[in-house]
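This report concerns only the one structure given below.
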Protein chains: 4
Amino acid sequence: MISYSDHPWMSGLFGDPEIDVRFSADTELAQYLRIEAAWTRALGAISDDAKGEEVAKAIEMASIAPVDLKDGFARDGVPIPALVKALRRLVGPDAEHLVHHGLTSQDVMDTALVLTLTEVLGIVGARLKRLDADLSALTGVHGSAEIMGYTRMQPALTVAVAEVIARWQQSIPGLLTQGTAAIDGLAVIQWGGPVGVREHSKAKELGAVFASNLSLSDPGRAWHTDRSRILSAMNFISQVTVMAGKIGEDLALMSAIGPSQVVLKGGGSSAMPHKVNPVKAEVLITLADRAALLQAASLRAARHEGLRSGQAWTMEWQTVAEACAVAASSTRLAIDLIAEIESFGA
Amino acid sequence: MISYSDHPWMSGLFGDPEIDVRFSADTELAQYLRIEAAWTRALGAISDDAKGEEVAKAIEMASIAPVDLKDGFARDGVPIPALVKALRRLVGPDAEHLVHHGLTSQDVMDTALVLTLTEVLGIVGARLKRLDADLSALTGVHGSAEIMGYTRMQPALTVAVAEVIARWQQSIPGLLTQGTAAIDGLAVIQWGGPVGVREHSKAKELGAVFASNLSLSDPGRAWHTDRSRILSAMNFISQVTVMAGKIGEDLALMSAIGPSQVVLKGGGSSAMPHKVNPVKAEVLITLADRAALLQAASLRAARHEGLRSGQAWTMEWQTVAEACAVAASSTRLAIDLIAEIESFGA
Amino acid sequence: MISYSDHPWMSGLFGDPEIDVRFSADTELAQYLRIEAAWTRALGAISDDAKGEEVAKAIEMASIAPVDLKDGFARDGVPIPALVKALRRLVGPDAEHLVHHGLTSQDVMDTALVLTLTEVLGIVGARLKRLDADLSALTGVHGSAEIMGYTRMQPALTVAVAEVIARWQQSIPGLLTQGTAAIDGLAVIQWGGPVGVREHSKAKELGAVFASNLSLSDPGRAWHTDRSRILSAMNFISQVTVMAGKIGEDLALMSAIGPSQVVLKGGGSSAMPHKVNPVKAEVLITLADRAALLQAASLRAARHEGLRSGQAWTMEWQTVAEACAVAASSTRLAIDLIAEIESFGA
Amino acid sequence: MISYSDHPWMSGLFGDPEIDVRFSADTELAQYLRIEAAWTRALGAISDDAKGEEVAKAIEMASIAPVDLKDGFARDGVPIPALVKALRRLVGPDAEHLVHHGLTSQDVMDTALVLTLTEVLGIVGARLKRLDADLSALTGVHGSAEIMGYTRMQPALTVAVAEVIARWQQSIPGLLTQGTAAIDGLAVIQWGGPVGVREHSKAKELGAVFASNLSLSDPGRAWHTDRSRILSAMNFISQVTVMAGKIGEDLALMSAIGPSQVVLKGGGSSAMPHKVNPVKAEVLITLADRAALLQAASLRAARHEGLRSGQAWTMEWQTVAEACAVAASSTRLAIDLIAEIESFGA
């Protein structure tokens, strides 16, 4: 995949440092170590093994570089086997029973995904609130002006600008509720072990302590093949881009119809200096169209065959990370676009 | 679109009379008349016009054939203008102010869609419950048998068959909750009038009576361009097909691996009479893959430009009806497939 | 799937009898019989079995109704096993070695698909030529008028209307070449037998005679799992809808901008009699968007696992038939829409 | 978008330096300068302006860093206006009429895309040939072994391993032809100027010289809104992933069925050291599924409204670059996967 986030010029429009850092290899590795340490502590706690805390600290302070996992990833398709090997080497043979024992790669990576997604959804939610407030402020400035309302792309009847803005805001309260519910549903550990059955004599306590160490809940069983929680997040994300896409499409259309509808500050043309292109409005449409296809990918990626899937899971990583970036850009650019409205209605 | 429902032989596998009747032209026209009559009664009630009831009855008993709307649809892209013209002719010039006055085509058709979707989601929900019960019964019969568990398409460890079935059931309770919430959200009238602003001196009362006449709620304003309610239904529908698709994919894979996993009754081959093809399992996979793309279409169809969109709305009809058929087939075929399991595990 | 073709009112806009008849059960069954008869004749010819011609004639005149295949389809997921059983019963035990022996269901159904697709692509190609001619005629009428040209949805510079129309025509010559190549590639039999290896002592002659009996070529081996020919057809089809979709999108936008761009005859509104909705233009956009998703489905359906796939193949039927209908409607509606242009430019 | 190419560990499996360098900002900027210089030389040549060569050289040697275009991109949505401004400043007011005059941003960027795509398609084609050769070699080693053939995911009849491999190779010759045709079609300049009409008194000569300076052909008119050339490349690319995806799916399934089918070297499990996961096979499936959705995006991105589109064009960049990366990874991983086959058939 080609990245826009660290592209020297495309990052000017598409870059989103607040999101990118959360999907960075450094952040991900730090989460893996945090999760492995939480597991080690839980193993120590339920077996009254005093070494647990010491080993957990060693895991937390392990100096493993992301690039150390490259060969392992190339071979295994996941970074965890190489990481576990390095950690076991670090703590030595006497303590290696306290490292990752009873976990599987997907337990670590899904729990890390949960931690990331709850943060990203929180950021998107905060931007949604900001956008909603900005739209209310826009109504304060332009709401009482009159504007020709279009239905089926034809002039229909005159309405107040406030009516146009109200349509942009209409789905936001429901989206905020949906986002909060998705975050709540995600705040759980993933733990099942190799085939997802939590084979351990003290499984209940172990799950509870592991979850508590990460400030998450224990849903009581693994959800390796039940991706409902991820789909709730993706449903939220894709609907956010529909909302922002409408703002973009409406403003692009209104700016095409002319200044009696809207005047935007915007992008320049290399050949026609008099033109102002509705760049951010156009980008919002493309992001919504991409998010729709990413949602199709999410649904495909949500069908995990057997007791654990490699293909669906691999597809999920690619899809979820990109969808998060798209939703975050959508809300950010919508906020910026609103600020570029110079006149609205007559 | 080519129909499978009334195809002489494909209907044997894909046909679903319980769903088809709900998307039939006859049903749709009957709903339009019911909605127009409810509106006429509401207009009569708030204006103390005694003729309201009489005109409403005339609308309900109007003998309009679906085919009468064909020329109008070809011209207008919606059947309502032709219907309204016919109804106004029927009631005469003295009563035509009681017919459709203050409504727009989308008010009638969205309200009809709401009535249809709540029924269809109810049917899918009932099938989900039936599938869940059948899976529990299957656990009763085969649950304690042992089976080799597969992760990443490789034999991993032996588990109880109950564990395999538990994964098929895992998302069902959440889906049932999601389906009920989608139905609740849909139980509302659509009313906004031509540009969606409910231009009427007694808009509040009119909305309330109109809704009450149809046993629906009044959300207080039009949702012409906010398709969140439809998307909630589509999210439910697409996730149902993921769940059923996993059952299909797992059974197809297990039947490929061999009788130590599963033995199915199934379809015959024209050339190899000894073979039993996992037909319904294969179809469940295709339905899930189609539903994923229909969800992408739904998201595209949810971005309605301006005060009302023609293009997005037209795309929505096509998408939602087909998605409903896919989800209904998914649940029906999953129930049938489960009944074809002859042996499960060792 | 919900059909629009035989819908009492939707058929007014979406119905396409010329295409529908080619995907009807009657046509399909007639093709199956024709193909089975061609095979029987080929078997007779290479084995000097005089009964071949007689049995072939019996197959051609067999009175099997489409509905007779319903139970078989429900069980087998394909209609051919039930058809073969009926044909063997018809010709009796002494001749049944001349019926379907050495074929598999997919041989029959793929060959039937090839016959259908070449006809449908021919129809779409003919409509493309008609559209191209109509666009040239439109240039004759309006081409020298001036019109404000839009780039990035903003007024840029004035151009001749001929330039706008030239862009609509630009891809048509290439599409016609592509369509012809797709038809040429498709004009082949499918024959491989149960596992696709043409197990027969006189395979070469048998293939040649079978192909010749159907006026097709023999590609020399089965293409059960190589769907390149179908994808060439689908590439053509989806690109046709892009071309027609641009005409729709441009005309919808130009009609929104106002009469200095274009004036269309079009559809009426139930609430605003003064409005003319660009119905066909809007529908062309939705058809292009649907075709894009159908192309994704085609690609998914083109990956056939093993020596023959059930799931991918089943998905292919659904996709290809619908894509054909979409492309046919696109070209038909584009022709109709062009005729609705009342004024173009200043 | 999150990049895998420069990800510290994911690049181990997904990284593709040969492709990445071609989509890097440095390469892109170098192409822009090369194209602007070619244009300047062409302007100089047709106007007998001796300064042309000198200015062209100044453009070629301009020390502009990719990051210098960031603010411009954020404002304009394209990097060219900022680049042109910098170049004009560089050459001074007396020469600025020789810089970009008569071009539009899309002329430069589409021509750069053409240069990139022809190289990338060449790389993918070379990998296809290598894969084909490796498959032939594999037949040399294992082809005569027997293996149970599967149809509709069920054991059917025994075939030679050569038959399985032949199906993997079957579409490759056609793909190579298709790839070459796509490259040939792409080897053209884009030139139209602001509204695509090549407004210049010596347009024909100018186009010819500009094309010749870049070793490309001149198609005679702009193709700003006719993306057929890009779609031909995308058709090729998506079909390549279908071919490679089948190899992956078949090997994943065969490895699931057991060692009588195939034994792969592969990836390890963090919890079950005895397991070998078919990592590359799984990844090939996900790449094919992603490519299918990217093809849907390409078709959406191919409908350019008006005389030039911002939204469709922006979507095209994102889609084409990612699709190239997916196709390149597909062919590379298929080659690697084939080398991991330890035993094949009995």
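Letters go in sequence order (proteins before strands), and every chain restarts at 1.
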What residue in [options] has the most heavy-atom pairs under 4.5 Å with chain A?
{"options": "Leu294(B), Val164(B), Val197(B)", "answer": "Val197(B)"}
{"options": "Arg221(B), Met234(B), Gln295(B)", "answer": "Arg221(B)"}
{"options": "Asp289(B), Leu253(B), Thr241(B), Leu175(B)", "answer": "Asp289(B)"}
{"options": "Gly174(B), Ala156(B), Ser238(B)", "answer": "Ser238(B)"}

So salt bridge (Lys or Arg N to Asp or Glu O under 4.0 Å) across residues 188-200 of chain A, not counting sequence neighbours, yields Arg198(A)-Asp218(A)

Any side-chain donor paired with an acceptor under 3.5 Å for Trp313(A) and Asp110(A)?
yes

Among the options Asp250(A), Thr225(A), Leu293(A), Asn235(A), pick out the one with the most heavy-atom pairs lying under 4.5 Å from chain B.
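Winner by heavy-atom pair count: Asn235(A).
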
Name the region of [X], side chain, backbone, both or neither, that has any atom closer than 4.5 Å to a heavy atom of chain B.
{"X": "Ser309(A)", "result": "backbone"}
{"X": "Val159(A)", "result": "side chain"}
{"X": "His224(A)", "result": "neither"}

Going by residue number, which parts of residues 179-189 of chain A are within reach of chain B, meaning a heavy-atom gap below 4.5 Å?
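Interface residues of residues 179-189 of chain A: none, nothing closer than 4.5 Å to chain B.
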
Can you check whether [Y]'s main-chain N or O pairs, donor with acceptor, with [X]'s side chain at less than 3.5 Å?
{"X": "Arg308(A)", "Y": "Pro194(A)", "answer": "yes"}
{"X": "Lys246(B)", "Y": "His304(A)", "answer": "yes"}
{"X": "Glu146(B)", "Y": "Val161(B)", "answer": "no"}

Who pairs with Asp226(A) by side chain to side chain donor-acceptor pair (under 3.5 Å), at least two apart in sequence or on another chain?
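So Asp226(A) forms a side chain to side chain donor-acceptor pair (under 3.5 Å) with Ser228(A).
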
Using heavy-atom distances under 4.5 Å, tell me whether [X] contacts chain A through its side chain, its backbone, both, or neither.
{"X": "Ile247(B)", "value": "neither"}
{"X": "Ser171(B)", "value": "both"}
{"X": "Ala160(B)", "value": "neither"}

Does His101(B), at its NE2 atom, have more than 12 non-hydrogen atoms belonging to other residues, nucleotides or ligands within less than 6.0 Å?
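Open.
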
Distance check, rounded to the nearest 0.5 Å: Leu231(B) atom CG versus Glu316(B) atom CD?
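Leu231(B) atom CG to Glu316(B) atom CD measures 8.0 Å (nearest 0.5 Å).
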
Would you call the rings of His200(B) and Trp191(B) parallel, tilted or perpendicular if under 30° counts as parallel and over 60° as perpendicular?
perpendicular

Listed once per pair and sorted, the side-chain hydrogen bond (donor to acceptor under 3.5 Å, both in side chains) pairs that draw on residues 152-163 of chain B, sequence neighbours left out
Arg152(B)-Glu282(D), Gln154(B)-Ser255(D), Glu163(B)-Arg167(B)

Thinking salt bridges, do Glu249(A) and Arg303(B) make one under a 4.0 Å N-O criterion?
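Yes.
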
